[in-house]
Amino acid sequence: MNRNRNLEKSYSPDSIEQKWYAKWLEAGLFNAEINPEAKAFSIVIPPPNVTGSLHVGHAFDHTFQDIMCRTKRMEGYSVLWLPGTDHAGIATQNVVERDLSKKGISRYDLGREEFVKKVWEWKGVYGSRIIEQLKRLGNSCDWRRERFTLDEGLSKAVRTVFVRLYQKGLIYRGKYIVNWCPRCATAISDLEVEYSEEQGSFYYVKYPIIEKDCGEEYLLVATTRPETIIGDVAIAVHPRSEKYKHLIGKHVKVPLTDREIPIIQDNMVDPEFGTGCVKITPAHDPNDFLVGLNHNLEQIQVIDSQGIMNDNAGKYKGMTIEQARQESVKDLESMGLLLKTEKITHSVGHCQRCGTTVEPYLSEQWFVKTKPLAERGVQAVKDGRIRWVPEQWEKTYFNWMENIRDWCISRQLWWGHRIPAWECRDCGHITVAEVDPTECEHCHSKNIIQESDVLDTWLSSALWPFSTMGWPEDKPELKYFYPTSLMVTGFDIIFFWVARMIMMGLEFMDDVPFRDVYIHSLIRDEHGKKMSKTKGNVIDPLVMIEKYGADALRMTLAALSVQGRDILLSSTRIETYRFFMNKLWNAARFALMNLDDDVHEIDKSQLHLHDKFILTRTQEMAQSVRELIDSYDIGTAARSLYDFVWGDVCDWYLEMSKPALKGDEGEARRKTTAGVLEEVFRTTLPLLHPFTPFITEELWAAFGYDESEKFIMRSSWPEAKKDFMFAGVIDEMRVLQESVRTLRNLRAEAHVPPQQWLNRAVIRVDSGTASAKILSDSLNQISNLCRVHEVVIQQPSESWTYGASLSSVTGDCEIKLPVGDVLDVAKEITRLEQEIAAIGKTIAASQTRLDKADFIARAPAEVVEKERSKVSEGKAQIERLRANLESLSK
RNA sequence: GGGCGGAUAGUUCAGCGGUAGAACACCUGCUUUACACGCAGGGGGUCGUAGGUUCGAACCCUGCUUCGCCCACCA
């Protein structure tokens with residue numbers, strides 16, 4: 001072996017990370033290959049926005065995915081981790097528009113074609129930034145396959161999907177009320193509206209009644225939007241409303257205008273809310289729109305697409321919504337039609353992208369009819385073809401899918417997939433086609449014009465799992481890697497993305513897009529606040545990588561990850577794992593200083609308890625970490641590795657192996673101990689590799705393993721070697737650890753000079769002897785009892801032997817204590833406790849197997865009684881023994 | 001209105017039926033040649049609350065208090 005014995009005294013990640021990432025790339029280790037001999041494992045990355053910059057959310061789910069990918073590679077799967085970015089329609093267009101506006105240019109100045117060109121230029125410069133940042137994390141994506149949602153191939157997929165859905169009647173066009181962002185000047189989907197509670201006013205407005213014979217002068221209507229009054233076309237009351245029944249069919253005059261409108265009845269009105277009657281403005285309210293359709297009412301638009309009052313708004317024309325509101329209130333007041341104003345809190349929708357208040361806006365839009373697609377999506381989860389982890393998200397998913405509403409997919413933007421529909425200027429027919437048509441398919445007129453809208457970005461994202469693999473072409477990748485194995489993402493895009501991928505996957509691939517969906521929690525700051533730039537509490541992963549190293553960041557994120565709870569991240573936490581990296585580094589450094597060039601065989605006859613212990617623990621880790629990762633419990637996996645390395649390996653094994661490695665116990669022991677040490681690292685480094693790829697690769701090389709095996713990344717996942725697993729040694733070791741701890745306390749009390757403090761005690765205990773608890777209890781008894789300067793511990797039985805170092809700790813003291821008795825009693829207590837637990841479990845097991853009532857009815861009650869009495873007898877006995885122990889100690 | 005999740009040491013969180021754990025912080029003592037990014041020890045918790053199930057509950061069930069999230073409605 002070519003060992004590197006000159007490791008730096010502390011671990012510095014910087015150069016090491018860069019070095020290995022380049023080497024992995026060079027060796028093509030991230031490349032996914034179709035290998036019929038191997039099972040496939042695939043993940044498509046949730047594509048970050050091209051405008052994006054790496055934040056901890058990305059860092060978190062990418063760490064998770066990388067851990068899965070690296071583990072699966074080591075397990076022998078052919079792994080595809082497919083990266084890419086999302087063109088992010090509104091977000092990107094906004095960024096470029098903002099840039100332009102700094103130069104005083106608007107996108108309209110440039111025109112569509114020029115503007116789109118500018119966005120592409122921007123993408124060329126900044127679009128790869130997020131990808132470069134992802135690489136810093138150590139992501140093992142197959143970068144050769146990087147995709148972009150506006151790529152040629154993906155655009156083709158989008159177009160194919162659009163045309164097929166249209167032909168199937170699942171895409172339609174129509175004039176509806178949609179959520180409209182006046183600032184972005186585009187429609188947005190229901191999901192892109194974010195609601196927040198706001199202070200507003202409730203205006204009580206009098207609508208004079210035309211018919212003088214009904215006994216009332218006016219109808220009182222409460223509204224939050226007086227500026228839309230001029231767009232009113234009716235007043236609605238509940239059909240069974242006693243209060244207004246006699247007014248149905250009568251008319252009122254719309255304030256601020258000369259129009260007269262009818263009083264109608266509709267179930268949508270809640271007689272308990274407000275005044276019990278509602279003004280109907282079909283062009284500016286979604287509910288009113290529906291009422292309008294049902295009653296065949298006119299739709300009067302008074303606000304335009306920019307949020308400005310239009311020609312229909314009379315004197316308010318040209319005002320903003322806010323101005324018009326104030327003006328109309330003023331006017332109503334002066335006309336004596338405003339009865340009162342009430343302060344209320346109501347929730348107001350805002351544009352997800354820019355925060356502008358969303359307006360319901362009547363316009364021609366394209367929609368996906370989602371019901372039929374959603375039904376299949378629900379079915380796929382119900383019959384287990386898709387599994388949600390944690391399972392609870394299933395409910396959220398079902399709830400949304402079962403109440404799904406049609407999806408508005410048209411956007412009045414320039415950046416995106418242009419809708420492949422052409423309207424004929426002559427006959428009005430719409431031609432939808434995969435290949436740009438030259439004439440109307442209906443009347444063959446050449447006078448056709450393409451729809452100017454583009455598609456919602458999320459439509460292209462919904463195709464991501466298969467469009468990235470070459471669909472609609474019949475690519476071998478699709479056959480081999482689709483459906484993907486796992487989707488890892490946050491709950492915030494379950495509806496936006498996950499649900500839609502499921503629908504599209506089922507529709508176009510006739511199969512689910514992924515087998516498992518892992519939904520991870522939100523990362524918050526150390527105080528539980530959502531991270532945001534405005535709050536300034538953002539933890540920038542790149543800064544953390546600079547400061548602590550990518551491995552430390554990854555290990556932190558992995559270890560903190562837990563299902564069903566938000567993750568609170570702070571830099572001190574990352575620091576903890578930074579320390580861990582250093583610990584690992586130094587442990588390896590110690591090992592290297594003590595290993596010969598040759599690898600020594602482990603001579604089983606030379607193994608001491610601590611050797612057997614660490615070997616067994618190591619094999620256990622190989623087993624359990626794999627199982628934990630396979631069940632997506634990377635949090636427990638990471639934490640158990642941390643405890644194992646720091647606790648078992650460093651605190652105990654390395655310390656206890658020192659005398660042997662120094663040669664104090666002879667050459668045979670030295671060689672075997674070296675062999676054990678080697679085995680520990682050779683197994684543990686690969687276990688850590690998915691979590692902390694860089695440091696493990698560096699150490700792997702330092703140990704000299706890369707000569708024949710090359711990279712650790714290419715190594716196989718260590719199998720648990722039965723040969724190195726010894727029964728009972730873990731318990732025995734825990735006994736020893738407790739004993740040593742107690743002895744250290746004794747020593748401390750005895751003011752033994754530090755030089756003589758116990759570093760090492762060789763205590764042999766027969767296998768099958770007491771648990772750790774017994775010994776520690778009894779030793780604690782001793783330490784409590786003794787005037788420490790008189791303490792020596794007597795050998796309780798032949799199974800105890802003390803190493804030489806113990807006497808140096810305890811000096812010349814001497815004690816006589818009934819250790820054996822204490823031990824026996826304690827042992828008996830433990831035995832009884834275990835027995836009780838066992839009986840309890842038996843009872844519990846038989847009860848859970850059957851229905852409880854059923855069990856009691858059918859099971860022999862006397863058996864249960866007998867078991868129960870055994871338990872209470874045992875307990876009584878324990879009480880007696882405890883008292884006994886107490887007296888023995890005195 | 002519907003749904004989901006949390007409440008455990010000063011703080012952040014594990015544990016989820018068998019005698020309360022970690023990290024950080026705090027206190028004490030240590031330049032013991034892998035590591036002061038360290039070592040050894042210590043203090044600190046009636047596991048939100050009231051009931052219930054059980055031989056046994058932080059853990060299961062019910063109510064309550066409280067914090068947070070999602071969906072729907074909001075004229």
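Convention: sequence-line order gives letters A, B, ...; per-chain numbering from 1.
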Which part of the nucleic acid does [X] contact within heavy-atom distance under 4.0 Å: base, sugar-phosphate only, or nothing?
X	answer
A/R573	base
A/T396	nothing
A/A587	base
A/N594	nothing

With rounding to the closest Å, how many angstrom separate the [atom1] atoms on [N] and [M]?
N	M	atom1	answer
B/U53	B/C59	C1'	13 Å
B/G38	B/G5	P	39 Å
B/A72	B/U65	C1'	26 Å
B/G18	B/C60	P	11 Å
B/U54	B/C61	P	16 Å
B/U8	B/A58	C1'	7 Å
B/G15	B/A20	C1'	9 Å
B/G48	B/A9	C1'	15 Å

Integer-rounded Å distance: [N] [atom2] and [X] [atom1]:
X	N	atom1	atom2	answer
A/E655	B/G41	CD	C1'	15 Å
A/E391	B/C4	CD	P	13 Å
A/Y11	B/A36	OH	P	17 Å
A/L560	B/C24	CG	C1'	12 Å
A/L584	B/G38	CG	P	13 Å
A/Y577	B/C35	OH	P	24 Å
A/N403	B/G1	CG	P	19 Å
A/R639	B/G15	CZ	P	6 Å

Determine, step by step, whether A/Y397 and A/W393 satisfy the ring pair (Phe, Tyr, Trp, His ring centres under 6.0 Å) criterion, reporting the C-alpha distance in whole Å, the side-chain angles of both residues, the deciding distance to 0.1 Å, and the verdict.
CA-CA 6 Å; A/Y397 169 79; A/W393 292 108; over 10 Å; no
Select one nucleotide: of [options], the one nearest the side-chain heavy atoms of [X].
X	options	result
A/F495	B/C37, B/A34, B/C70	B/C70
A/K9	B/C35, B/C71, B/G3	B/C35
A/F579	B/C35, B/C37, B/C24	B/C37
A/D651	B/C39, B/C37, B/G5	B/C39

Quick one: does A/R3's side chain have a donor or acceptor within less than 3.5 Å of a partner on A/F703's backbone?
yes
Report yes or no: do [X] and [Y] form a side-chain donor-acceptor pair below 3.5 Å?
X	Y	result
A/S196	A/H350	yes
A/D633	A/T636	yes
A/T572	A/E575	no
A/N294	A/D266	no
A/Y207	A/D232	yes
A/H295	A/Q265	no

Under 3.5 Å donor-acceptor pair, [X] side-chain atoms to [N] base atoms:
X	N	answer
A/R589	B/C35	no
A/K583	B/C35	yes
A/E575	B/A23	no

If we call it a pair only when both distances are under 3.5 Å in a Watson-Crick or G-U wobble match, what pairs with [N]?
N	result
B/A23	B/U11
B/U66	B/G6
B/U53	none
B/U31	none

Does the side chain of A/K658 get closer than 4.0 angstrom to OP1 or OP2 of B/A34 through an N or O atom?
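It does, given that an N or O in the side chain of A/K658 lies less than 4.0 Å from OP1 or OP2 of B/A34.
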Do any side-chain nitrogens or oxygens of A/W646 fall under 4.0 Å of OP1 or OP2 in B/C39?
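Result: yes.
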Between A/W400 and A/T636, just flag the one whose closest nucleotide in RNA chain B comes earlier from the 5' side.
A/T636
When the nearest nucleotide of RNA chain B is assigned to A/L654 and to A/F580 on a heavy-atom basis, which residue is associated with the more 5' position?
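Here A/L654 is the residue nearer the 5' end.
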